[in-house]
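Worksheet: one structure, shown below.
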Amino acid sequence: MTKQELPKIYDFKSTEPRIYAMWEAGGFFKPHNDPNKPGFDPSIKPFVITIPPPNVTGELHIGHPMFVSIEDLMTRYHRMKGFSTLWVPGTDHAGIATQLMVERELLKTDEVTREELGREKFVARTWEWKHKYGSLITNQIRRLGASCDWDRERFTLDEGLSRAVREAFIRLYEKGLIYRGPRLINWSPGLKTAVSDLEVEYSEEQATLYYFKYMIAGSEEFIPVATIRPETILGDTAVAVHPEDERYKKFIGKKVIVPILGREIPVIADEYVSMDFGTGALKITPGHDANDYAIAHRHNLPIISVLDKAAKINENGGQYQGQDRFDCRKNIWADMKAAGLVIKTEPYTTTIPRSQRGGEIVEPMISEQWFVQMESLAKAGLDAVRDGSIKIVPERFEKVYFNWLDNIKDWCISRQLWWGHRIPVWYCPDNHMTVSREDPTQCAACGSKEIRQDEDVLDTWFSSGLWPFSTLGWPEQTPDLKYFYPTTYMETGYDILFFWVARMIMMGIEFTGKAPFNTVYLHGLVRDEIGRKISKTTGNVIDPLVLMDEFGTDALRFTMLVGSTPGNDTNVGPKKVESNRNFANKIWNAGRFVINAIDGLDTGKHTQADNGTRKAQHATWSLADSWIWAKLQTLIRDVERQIQSFQYGQAGQQIYEFIWSDFADWYVEIAKEQMKNEETREQTVVTLVRVFDTCLRLLHPFTPFVTEEVWGHLRNAILESPIADIAKDWPDALIIARFPEPREPEGWEESKLADFTLIQELVRSIRNLRAEKNIAPSKKLAANISAGDKVDLLKQQSAMIAALAGLDSSLLVIQQSLTEKPEDSAAIVVGSVEIYIPLAGTVDLANDKPRLEKELKEAQSHIERLEKLLSSDFANKAPAALVAKEREKLEGYKDTAQKLKTQLK
RNA sequence: GGGCGCUUAGCUCAGUUGGUUAGAGCACUUCGUUUACACCGAAGGGGUCGGGGGUUCGAGUCCCUCAGCGCCCACCA
């Protein structure tokens with residue numbers, strides 16, 4: 001492939017699908033060491049991630065690129081490191097979300113509700129939906145470049161995982177950790193199902209506090225009580241006061257009359273009641289309030305439910321029966337007012353419990369549900385993190401995790417939904433329970449054939465909690481499970497630490513005896529360009545598909561990775577993605593340049609030195625060759641260290657800067673010069689190739705598409721060139737190439753770095769002068785250089801300096817010291833080096849003085865600072881090397897200052 | 001009521017064993033279409049690192065404290 005055939009602009013649109021198809025068809029996403037295949041070697045270390053399964057009916061949102069970018073980076077990095085790498089993909093049945101979606105669709109197309117359709121048909125319908133649209137999200141995940149082993153794709157409701165769910169339920173049940181019973185739970189009236197504590201969100205809202213009278217039976221006296229939910233008065237079974245409260249002590253043990261209903265209920269004493277809050281008296285509604293429920297238990301109070309499943313007042317609500325909870329609130333208050341029981345109302349800010357899904361107000365209600373007893377599970381989960389079996393990144397989330405598990409409550413796992421894993425419990429007419437791994441045909445206790453299965457399904461998170469091992473075949477001891485479990489990293493958002501991560505840990509330990517992963521990496525949430533939470537109502541939704549269409553997948557991925565740090569939220573907007581699109585294009589064009597350089601090599605003229613021989617030829621390298629190679633070694637070390645410590649953003653940033661600033665802006669420009677010379681040409685191309693190849697390898701986990709594409713072209717170009725040996729052990733695709741390792745010892749050729757930095761400074765100063773003096777870039781300048789002890793270096797590098805700074809080589813004089821100061825020249829001073837640019841006639845040199853004075857002033861301020869520093873305790877207490885470095889700097893500035901002073905005389 | 005995070009250039013953010021002129025992208029100014037790239041290049045301008053105190057030879061980085069913003073957890077009617 002020659003330059004003409006490669007377009008100037010990287011065409012990600014046609015490249016990405018082609019590259020992905022190539023990877024997938026090539027089997028590159030599969031672990032190279034597969035326990036199901038002959039030749040399996042158990043001693044090879046696996047690296048495993050199970051994907052946080054997206055909702056099967058979901059569509060790509062901006063959160064997906066975040067986790068895919070990170071997990072794919074982790075996966076690709078380890079694959080390139082030689083691990084037998086497996087990223088298990090899959091989807092979640094997402095009970096409520098999916099059911100709602102299908103219900104909505106059903107209503108629209110068929111105008112029937114799910115109840116009208118019936119359970120069996122509805123579930124069938126949902127499966128249809130899943131088959132039809134389930135691949136939408138996985139294809140979108142593919143588009144992000146995810147290198148998952150799609151042959152191992154799983155679904156939480158598929159046969160194997162359903163078996164796992166049933167096994168897990170039964171084991172917990174047999175252990176006595178699962179129980180069923182009426183408890184106060186959070187009820188979602190719209191969805192008509194119980195939800196767990198975690199699914200309730202509390203929002204601060206303006207509400208009204210209603211003050212009213214609880215009349216003492218047979219008396220004109222009353223106890224004032226306040227409530228936010230007057231309709232719950234219907235379910236009151238006591239009024240509680242503090243035992244020490246002088247105001248109400250006399251009423252303890254007496255009866256009060258429930259407004260409107262006229263029931264008599266006791267006045268009780270309980271220390272829970274705070275005397276200095278509200279009226280100091282508390283109405284007790286055990287059926288609809290968690291605290292009241294607890295108090296009722298202490299005092300053996302009856303429990304009255306007044307709401308039905310739709311949150312309408314039930315038969316216990318007397319005349320209000322059938323009213324909606326909020327209508328009842330108004331009506332009962334009006335009636336109480338009429339009865340003279342009302343004291344006052346006042347505005348009040350309080351926390352309102354709302355359903356995480358849909359946002360409706362959730363009601364605490366008594367209901368028959370299934371629970372998992374969490375205490376022992378939580379303890380094991382705590383220990384695993386405490387003893388270091390599991391590490392959480394960033395560490396601060398460990399505290400959050402501990403805090404939650406330390407205060408854990410039993411988990412309500414039953415949901416009154418149809419889409420999900422049905423609870424594997426059957427009842428006979430005598431209400432014997434049969435709990436079974438296989439669907440039973442008769443009651444285990446009485447043999448009755450008339451058994452019916454529990455109507456409820458399990459909380460979606462119950463099956464997700466098994467994900468790291470259920471996807472690998474558990475409860476079967478499959479080869480996959482034996483080799484790939486426990487998995488390595490669990491990467492997900494901090495927002496589901498409790499929902500998912502904690503439960504996977506607890507269930508993993510419970511069922512497999514092992515922590516399901518050794519590291520939890522938590523990423524932050526994606527916010528919009530100015531840091532607002534993304535929501536449909538704000539209208540700031542960012543569609544990743546649009547971003548990919550416009551800027552390419554690599555650009556989006558790089559944006560996600562760079563500038564974000566573990567556990568912190570990230571702002572994303574099109575501008576960032578655009579600048580990273582430019583980066584992809586930069587890589588493309590750097591590639592074009594290198595390929596072009598290879599194509600320029602003349603087969604006849606070049607010896608076929610092999611790679612090893614070239615490696616030994618450092619002595620023949622130019623300063624620039626050594627410099628870029630030395631910087632590359634540092635880069636490799638830094639990137640390795642950063643990836644190991646999960647600083648992916650930093651790693652990406654460093655590679656970016658190396659490619660753009662060091663390689664493209666400096667080395668490539670120098671290479672253009674070096675390639676003009678037959679003697680340095682081949683070596684230059686070899687350096688270009690080796691450095692650029694390393695860059696592509698380093699970058700591949702970040703921006704897989706463009707690196708793979710360019711690398712392919714590069715490889716082809718090399719293989720057809722006289723330096724083909726360089727690529728002779730390269731694999732077919734970059735995705736399976738080895739990740740770079742340092743090739744030289746630390747600190748290799750450090751002196752070259754300093755030498756090159758001096759050249760850079762000189763070149764910059766000359767360019768600066770040109771800019772300041774408004775000298776046309778095309779104008780070649782003459783220069784006299786007094787180089788002092790750098791004379792040999794500058795003489796050797798004169799061609800390079802001339803080329804980079806736009807000097808005329810034939811008018812470039814470099815001497816140790818000039819015999820006399822050139823007239824009519826602008827002077828530049830860098831340390832001991834003085835450069836004179838004759839500018840007579842072109843510019844007015846009279847006004848050159850301020851420039852030099854400014855520089856002198858600057859140098860002097862440095863001298864002052866450094867002298868102060870070096871005369872302080874710093875000189876005695878700081879590491880010697882550091883002190884020496886500062887001394888050297890001081891000498892440099894002194895040189896500069898002194899020379900500038902002479903200039904100014 | 002507890003806990004956590006953030007506060008660094010006009011904007012959005014990096015800056016992990018404390019090391020001495022604090023970085024990037026975008027935006028801005030000037031110049032430039034030199035055969036990798038104008039999705040580019042060159043040269044610039046711009047920051048008392050939220051305030052105060054402390055530890056240290058040395059603090060954006062560690063400790064204390066205050067302030068503002070945000071998040072999580074929590075049973076006060």
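Every chain is numbered from 1 and lettered A, B, ... according to where its sequence line falls, protein lines coming before strand lines.
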When we call it a touch if two heavy atoms are under 4.0 Å apart, what does A/K533 touch: a base, just sugar-phosphate, or nothing? nothing
Whole-Å distance, A/Q760 CD to B/rA43 C1', equals 15 Å
Within the pair A/K779 and B/rC31, is there a side-chain N or O less than 4.0 Å away from OP1 or OP2? no
Checking all strands, does A/T565 fall into the base, sugar-phosphate, or nothing category for heavy-atom contacts under 4.0 angstrom? sugar-phosphate
Hey, is the side chain of A/R396 pairing donor to acceptor with the base of B/rC4 inside 3.5 Å? no
Can you tell which of B/rC73, B/rC37, B/rA42 lies closest to the side chain of A/F498? B/rC73
What parts of residues 228-243 of chain A reach RNA chain B, counting only heavy atoms under 4.0 Å away? A/I228
Only Watson-Crick and G-U wobble pairs with both distances less than 3.5 Å should count. Give RNA chain B in dot-bracket notation, marking inter-strand partners with |. ((((((((.[[[[.)...(...]]]].(((((.......))))).....[[[[[..)....]]]]])))))))....
Nearest to the side chain of A/F277 - B/rC75, B/rC57, B/rA77? B/rA77
Taking NZ from A/K575 and P from B/rA27, how many angstroms apart are they, rounded to a whole number? 6 Å
Any side-chain donor-acceptor pair under 3.5 Å between A/H713 and A/E709? yes
Ignoring backbone atoms, test whether A/K672 places a side-chain nitrogen or oxygen under 4.0 Å from the OP1 or OP2 oxygen of B/rA36. yes
Taking the nucleotide of RNA chain B with the closest heavy atom to each, which residue, A/A590 or A/L209, is nearer the 5' end? A/A590
Nearest to the side chain of A/V273, heavy atoms from C-beta on, is which of B/rC39, B/rA77, B/rG23? B/rA77
Counting only heavy atoms from other residues, nucleotides and ligands, does the tally under 6.0 Å from CD of A/E395 exceed 12? no
Could you please name the option among B/rG23, B/rC57, B/rC39 that lies closest to any side-chain atom of A/N582? B/rC39
Please report the distance separating the P of B/rC28 from the corresponding atom of B/rG70, rounded so that it comes out in whole Å. 31 Å
Counting only side-chain heavy atoms from C-beta out, which of B/rA14, B/rA43, B/rC57 sits nearest to A/S872? B/rC57
Under 4.0 Å between a Lys/Arg side-chain N and an Asp/Glu carboxylate O for A/R581 and A/E578? yes
Would you say A/Y656 places a side-chain N or O within less than 4.0 Å of OP1 or OP2 belonging to B/rA14? no
From B/rG19, B/rA43, B/rG41, nucleotide with atom closest to A/A771 side chain: B/rA43
At under 4.0 Å, does any side-chain N or O of A/T350 touch on OP1 or OP2 of B/rC76? no
Taking only side-chain nitrogens and oxygens of A/N768, does any of them come within less than 4.0 Å of OP1 or OP2 of B/rG44? yes
Looking only at the side chain of A/W660 (C-beta and beyond, no hydrogens), which of the listed nucleotides B/rG23, B/rC40, B/rC72 gets closest? B/rC40
Side-chain donor or acceptor of A/K586 under 3.5 Å from a matching atom on the base of B/rC37? yes
Check whether the side chain of A/S274 and the base of B/rC76 form a donor-acceptor pair under 3.5 Å. yes
I want to check one thing: is the phosphate of B/rC4, taken as OP1 and OP2, less than 4.0 Å away from some side-chain N or O of A/K399? yes
Using the ring of each side chain (for Trp, its six-membered ring), is A/F583 parallel, tilted or perpendicular to A/F558, with breaks at 30° and 60°? tilted
Of the nucleotides B/rC31, B/rA77, B/rA36, which has the atom closest to the A/P777 side chain? B/rC31
Tell me if the side-chain of A/Y272 makes a donor-acceptor pair with the base of B/rC75, cut-off 3.5 Å, by modelled atom types. yes
Is there a side-chain polar atom (N or O) of A/R767 under 4.0 Å from OP1 or OP2 of B/rA43? yes
For a quick check of understanding: with a heavy-atom distance under 4.0 Å over all strands, which category does A/E772 fall into, base, sugar-phosphate or nothing? nothing
